[in-house]
Amino acid sequence: VAREEAAQRIVTIEAILNAIGVKFEKRGSEIFIPERRVKFSVRTCSTTGTIGFTSVMIWADESAHWTSGDDYANPAREVMANLRPTMATQPTAFEVMCSAPWDRENYHYELMRQGDSGGQLTDHAATWEANPTITEEETHALEPDPKEWQRAYAAIPSESVQADWFSIGLDRA
C-alpha cells in the first residue's frame, strides 16, 4: 500500500542483480536491464496503479495484509484482476502472490484453500519451516500472545479479524 515500503523491493532487486553480475541502469525507482529490454518497477496495490503496462512477472507481496480506503477493505481480488491482463500478450508470464496469513475472509486465503490446480501452485509453511535459521521456540519469544503467534509465525489464519477482536473484547469483559 505504501509506495515507500514497496520501493524497498527495488533495493532488493538491485542487490540481487549486483550479486549475480547483471548490468543494469537505475532510473529513479525503476531498474532497467538494457541487454534484456526488461524493466523492474514497483506499483502500489491499487486498482488505478495497476493498469497500462505489460508484465512478464507479477510479485504480489503480503497480499493478505493490503488495505484500501477508509474501510480498510482488502483490494487484492480487484488489484489482481487488473494486473492479470498486463500479462495477456506474454505467453510465459507468471504471477507470485505471497503473504503471511491474516484471516479467513480474504482473497489470499481463498486461493490457498483452493489448493493446487491447473492454474496455480500453492505452498504453506510455518516460519521455522520456511526459514530454518529460526526455531519455533524463538518465534514464541518474539510473539508471546498465542493468537498472534499462530497467525504471524505458525501461518494459521485467524477466523476473522472482526471475530477475533470481538472475542478478545468478550474475554476481557
Side-chain angles (χ1 to χ4, degrees), residues 1-69 72-134 151-157 161:
V1 177
R3 185 154 187 76
E4 300 78 29
E5 183 177 334
Q8 291 302 307
R9 302 303 70 82
I10 291 295
V11 173
T12 304
I13 293 167
E14 185 177 354
I16 292 168
L17 293 174
N18 279 325
I20 62 175
V22 173
K23 293 180 182 172
F24 63 91
E25 299 169 10
K26 191 158 183 189
R27 299 176 180 172
S29 64
E30 297 180 335
I31 291 177
F32 182 68
I33 303 175
E35 184 179 306
R36 299 275 185 181
R37 295 178 48 208
V38 170
K39 174 176 70 173
F40 292 90
S41 65
V42 171
R43 307 290 177 163
T44 54
C45 61
S46 68
T47 54
T48 56
T50 53
I51 56 175
F53 51 90
T54 300
S55 300
V56 294
M57 184 191 94
I58 296 168
W59 187 281
D61 193 27
E62 295 298 353
S63 56
H65 300 268
W66 294 351
T67 59
S68 175
Y72 294 98
N74 184 305
R77 180 184 307 278
E78 294 78 14
V79 168
M80 296 311 289
N82 276 4
L83 279 171
R84 288 184 181 119
T86 69
M87 299 184 292
T89 60
Q90 304 301 310
T92 58
F94 64 96
E95 73 181 64
V96 176
M97 188 175 183
C98 61
S99 188
W102 185 249
D103 62 25
R104 297 173 189 223
E105 298 175 2
N106 65 61
Y107 187 52
H108 178 263
Y109 179 78
E110 181 182 322
L111 293 175
M112 289 299 293
R113 191 174 41 93
Q114 290 171 8
D116 293 352
S117 67
Q120 76 174 17
L121 297 174
T122 59
D123 200 0
H124 175 269
T127 299
W128 58 93
E129 294 166 342
N131 182 351
T133 65
I134 189 167
R151 185 194 56 72
Y153 294 99
I156 300 169
V161 174

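Bear in mind the structure is a predicted one, so any value in this text is a computation, not a measurement.
Between atom OG1 of residue Thr92 and atom CE of residue Met87 there is a gap of 10.5 Å, rounded to the nearest 0.5 Å. Annotation: the span from Ile13 atom CD1 to Asn18 atom CG amounts to 12.0 Å, rounded to 0.5 Å. Rounding to the nearest 0.5 Å gives a distance of 11.0 Å between CE of Met112 and SG of Cys98. One finds the OH atom of Tyr109 at 10.0 Å from the CG atom of Asp103 (value rounded to the nearest 0.5 Å). In this structure, Arg113 CZ and Thr122 OG1 are separated by 12.5 Å, a value rounded to the nearest 0.5 Å.
Residues Arg84 and Glu95 are paired through a salt bridge, judged by an N-O separation under 4.0 Å between the basic side chain and the carboxylate.
Between Pro85 and Ala81, the shortest heavy-atom distance links the atoms CD-O, 3.0 Å. Shown here for Thr86 and Leu83, the closest heavy-atom pair between the two residues is OG1-O, 2.6 Å. Nearest heavy atom pair, residue Gln90 against residue Ser55, reads CG-O, 3.4 Å. A pairwise comparison of heavy atoms in Met97 and Ala76 identifies CE-CB, 3.9 Å as the closest pair. Residues Ala125 and Ala155 share a closest heavy-atom pair of O-CB, 3.5 Å.
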Show every donor-acceptor pair shorter than 3.5 Å between a side-chain atom in residues 24-33 and any protein atom, with sequence neighbours excluded, or say none if there are none.
| residue | atom | partner | partner atom | Å |
| --- | --- | --- | --- | --- |
| Glu25 | OE1 | Arg27 | NE | 3.3 |
| Glu25 | OE1 | Arg27 | NH2 | 2.8 |
| Lys26 | NZ | Glu14 | OE1 | 3.1 |

Exercise for review: Walk me through it: do Tyr107 and Met80 pass the test side chain to side chain contact (heavy atoms under 4.5 Å, CB included)?
Suggested key: CA-CA 10 Å; Tyr107 187 52; Met80 296 311 289; 4.2 Å; yes
Exercise for review: Decide side chain to side chain contact (heavy atoms under 4.5 Å, CB included) for Val42 and Trp59; before the verdict, give the C-alpha distance in whole Å, the side-chain angles of both, and the deciding distance to 0.1 Å.
Suggested key: CA-CA 9 Å; Val42 171; Trp59 187 281; over 6 Å; no
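Between the side chain of His65 and the backbone N or O of Ser99 there is no donor-acceptor pair closer than 3.5 Å. Judged by distance alone, with hydrogens and angles left aside, the side-chain atoms of Gln120 form a donor-acceptor pair with the main-chain N or O of Gly115 at under 3.5 Å. The closest donor-acceptor contact from the side chain of Arg104 to the backbone of Pro157 lies under 3.5 Å. Although no hydrogens or angles enter the test, the distance criterion places a donor-acceptor pair under 3.5 Å between the side chain of Trp66 and the main chain of Asp61.
The shortest distance between side-chain heavy atoms of Asn74 and Trp102 does not fall below 4.5 Å.
Other residues, nucleotides and ligands contribute over 12 non-hydrogen atoms within 6.0 Å of the CH2 atom of Trp128.
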